[in-house]
Asker: 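Input: one structure, supplied below.
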There are 2 protein chains.
Amino acid sequence: MARRQDGGPRAAMTASAVALMRERGVAATSFADVLAHSGAPRGSIYHHFPGGKSQLIEEATRSAAHQLTDRIQRILDSGDTVTAIRSIVDLWRRVLEATDYVAGCPIVAAALGTEASARDIAGVSFTRWTEMIGARLVGDGVDPARAATLATMLVSALEGGLILAQAQRSAAPLDAVVGELELLCRAAGAVTPTE
Amino acid sequence: MARRQDGGPRAAMTASAVALMRERGVAATSFADVLAHSGAPRGSIYHHFPGGKSQLIEEATRSAAHQLTDRIQRILDSGDTVTAIRSIVDLWRRVLEATDYVAGCPIVAAALGTEASARDIAGVSFTRWTEMIGARLVGDGVDPARAATLATMLVSALEGGLILAQAQRSAAPLDAVVGELELLCRAAGAVTPTE
DNA sequence: GTCTATACGAAGATAGAC
DNA sequence: GTCTATCTTCGTATAGAC
């Protein structure tokens, strides 16, 4: 009934735009690239995206933000924060290995890109993730007054570690970050799995 | 005597390239932009940079890396790690406020850019910073086995916090990160100023 | 909804005059 | 060492046919 998502060219194009943004950034992602990558018919660009590239990038960013937010929420729902951190890092690691360390976080690409609206969406996304993680930390026993700053630290360190991993073509920075974050969470009073 | 750095158009162009990379990334930084920003004579592009844009970006990245590395080293030499973190964040904060939150870290721009050689320089730069900070941590009393991962955490969290700050147009993420990093350093045994 | 053709400008790069 | 002119390619965007 209310299914108006269309799985056709439009969805394929936003998905491809996300993939290309992750690998080369917003500015270096062209329509021609998106068409080639998605296999979408050439004539449907401005039919589906009358706002041109701005609109495509904006919708791609929104799509990536929703997807990642959902994924993070599911991870947070299925365990404590420390376990969630490990899951997220495993996710990044798989992406890096599958793309020869070229693909990063699409939201970071949007944040550092040339499209103002996409940058704003990135900002909201980061805020959202921070709030979600903060709530999870409180549930784990962390002092609510502390949870917000700790959550910001988690997001920042994971995104930064991912960038170092891309630049060094190695997952080692992510491993270092996850270890330090675990220590920090435990010291802050978050429950930990006894494994 | 061995001063062969030239303060002319060439230096002005690399400096402008760095500034533009910080604001809009590597891909969106064109020769025309660099010329306009630096005021360099139009005819001197391929005279000074026969390798074209690749060479310009590579040299700009190298220049930015040297500058930042020197700056970090000086900061680390003048106090303990916790004090250094505050100084670095203050530096970022001034940059953000002076540029309406558009300018970020040039090395991150290089790491996520389209120029392979620049990305490699970024990777080496991050490694270098990590080693420098690690040495400082050891000097502060941190267990040498721990210093490397903690140093990686510092670099990752600061770079990530800077990106969140840019996206949210607020220095708040940096403040959160610096607070958490201080806790982590203290818990790791780094000496702290009694202030 | 999708096609081709095309306009228009920007960007990287080269040649040859001064 | 710097200039102008030019070439080519690419990218965005539009028009109009199918």
Side-chain angles (χ1 to χ4, degrees), chain A residues 3-61 106 109-110 112-119, chain B residues 3-62 109-110 112-119:
Chain A
R3 125 164 121 39
R4 191 98 242 65
Q5 304 298 9
D6 108 76
R10 192 194 168 83
M13 288 178 75
T14 56
S16 289
V18 171
L20 295 174
M21 279 170 56
R22 296 177 71 155
E23 294 182 5
R24 47 185 94 170
V26 170
T29 297
S30 72
F31 269 135
D33 294 334
V34 171
L35 286 176
H37 186 276
S38 64
R42 178 165 163 53
S44 61
I45 304 180
Y46 286 91
H47 175 74
H48 291 298
F49 302 94
K53 182 171 177 176
S54 296
Q55 187 183 355
L56 173 61
I57 296 298
E58 186 178 326
E59 293 196 21
T61 303
L112 302 182
T114 46
E115 221 58 53
S117 57
R119 192 185 69 160
Chain B
R3 107 163 136 47
R4 190 99 246 56
Q5 306 297 8
D6 107 78
R10 191 194 168 84
M13 287 177 75
T14 55
S16 289
V18 171
L20 295 174
M21 279 170 55
R22 296 177 70 156
E23 293 182 5
R24 49 185 92 169
V26 170
T29 296
S30 71
F31 269 136
D33 293 336
V34 171
L35 286 176
H37 187 275
S38 65
R42 178 166 162 56
S44 60
I45 304 181
Y46 286 91
H47 175 75
H48 291 297
F49 301 95
K53 182 171 178 175
S54 296
Q55 187 183 355
L56 173 61
I57 296 298
E58 185 178 327
E59 293 196 19
T61 303
R62 218 184 293 275
L112 302 182
T114 46
E115 220 59 53
S117 56
R119 191 185 70 161

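Letters A, B, ... mirror the listed sequences (proteins, then strands); counts begin at 1.
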Asker: B:Ile57 has an atom CD1; how far is it from atom P of C:dA11, in whole Å?
Answerer: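 Interatomic distance, CD1 of B:Ile57 to P of C:dA11: 13 Å.
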
Asker: As an exercise, state the distance from OG of A:Ser44 to CG of A:Leu35, rounded to the nearest 0.5 Å.
Answerer: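 One gets 6.5 Å once the value is rounded to the nearest 0.5 Å.
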
Asker: List the atom of B:Ile57, the atom of B:Ala118, and the distance in Å for their closest heavy-atom pair.
Answerer: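 Closest approach of B:Ile57 to B:Ala118: CG2-CB, 3.9 Å.
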
Asker: What's the CG-P distance between B:Leu56 and C:dA11, to the nearest Å?
Answerer: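 About 14 Å, once rounded to whole Å.
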
Asker: Name the nucleic acid region contacted by B:Phe31, choosing base, sugar-phosphate or nothing; use a 4.0 angstrom heavy-atom cut-off, strictly under.
Answerer: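 Sugar-phosphate, no base atom in range.
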
Asker: Tell me, which of residues 19-27 of chain B have any heavy atom that sits under 4.0 Å from an atom in DNA chain C?
Answerer: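 Going residue by residue through residues 19-27 of chain B, none turns out to have a heavy atom under 4.0 Å of DNA chain C.
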
Asker: Mind calculating the distance between CZ (B:Phe49) and P (C:dT14) to the nearest angstrom?
Answerer: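 In whole Å, C:dT14 P lies 15 Å from B:Phe49 CZ.
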
Asker: Should B:Leu112 and A:Arg24 count as side-chain neighbours, where that means a heavy-atom distance under 4.5 Å?
Answerer: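 No, side chains not in contact.
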
Asker: Ignoring backbone atoms, establish whether B:Tyr46 has a side-chain N or O less than 4.0 Å from OP1 or OP2 of C:dA13.
Answerer: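 For B:Tyr46, the contact criterion (side-chain N or O under 4.0 Å from OP1 or OP2 of C:dA13) is met.
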
Asker: Looking only at non-hydrogen atoms, find the nearest pair between B:Ala109 and B:Gly25 and report the distance.
Answerer: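 Nearest heavy atoms, B:Ala109 then B:Gly25: CB-CA, 4.5 Å.
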
Asker: Counting only N and O atoms by type, is there a donor-acceptor contact under 3.5 Å from the side chain of A:Lys53 to the main-chain atoms of A:Glu115?
Answerer: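 It does not hold such a pair.
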
Asker: Could you list the protein-to-nucleotides 1-5 of chain C atom pairs, N/O on both sides, closer than 3.5 Å?
Answerer:
| residue | atom | partner | partner atom | Å |
| --- | --- | --- | --- | --- |
| C:dG1 | OP2 | A:His47 | NE2 | 3.2 |
| C:dT2 | OP2 | A:His48 | NE2 | 3.1 |
| C:dC3 | OP2 | A:Arg42 | N | 2.8 |
| C:dC3 | OP2 | A:Gly43 | N | 2.9 |

Asker: Whole-Å distance between C:dG12 C1' and B:Glu115 CD?
Answerer: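 It is 12 Å, rounded to the nearest whole Å.
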
Asker: Quick one: is the NZ or CZ of B:Arg10 closer than 6.0 Å to the six-membered ring centre of B:Phe49, and within 45° of its axis?
Answerer: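 Ring-cation test returns yes.
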
Asker: Can you check side-chain contact (heavy atoms from CB on, under 4.5 Å) on A:His48 and A:Leu56, steps first, answer last?
Answerer: CA-CA 9 Å; A:His48 291 298; A:Leu56 173 61; over 6 Å; no

Asker: Any chance the side chains of B:Ser117 and B:Glu58 put a donor and an acceptor closer than 3.5 Å?
Answerer: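 A donor-acceptor contact under 3.5 Å links the two side chains.
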
Asker: Taking CD1 from A:Ile45 and P from C:dT6, how many angstroms apart are they, rounded to a whole number?
Answerer: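 So the two atoms are 17 Å apart, to the nearest Å.
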
Asker: Taking all non-hydrogen atoms of both residues, which atom of A:Val34 and which atom of A:Thr29 are closest, and how far apart?
Answerer: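 Here A:Val34 and A:Thr29 meet closest at CG2-CG2, 3.8 Å.
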
Asker: When the distance from CD of B:Gln55 to C1' of C:dA13 is rounded to whole Å, what number comes out?
Answerer: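 So the CD-C1' distance, B:Gln55 to C:dA13, works out to 14 Å.
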
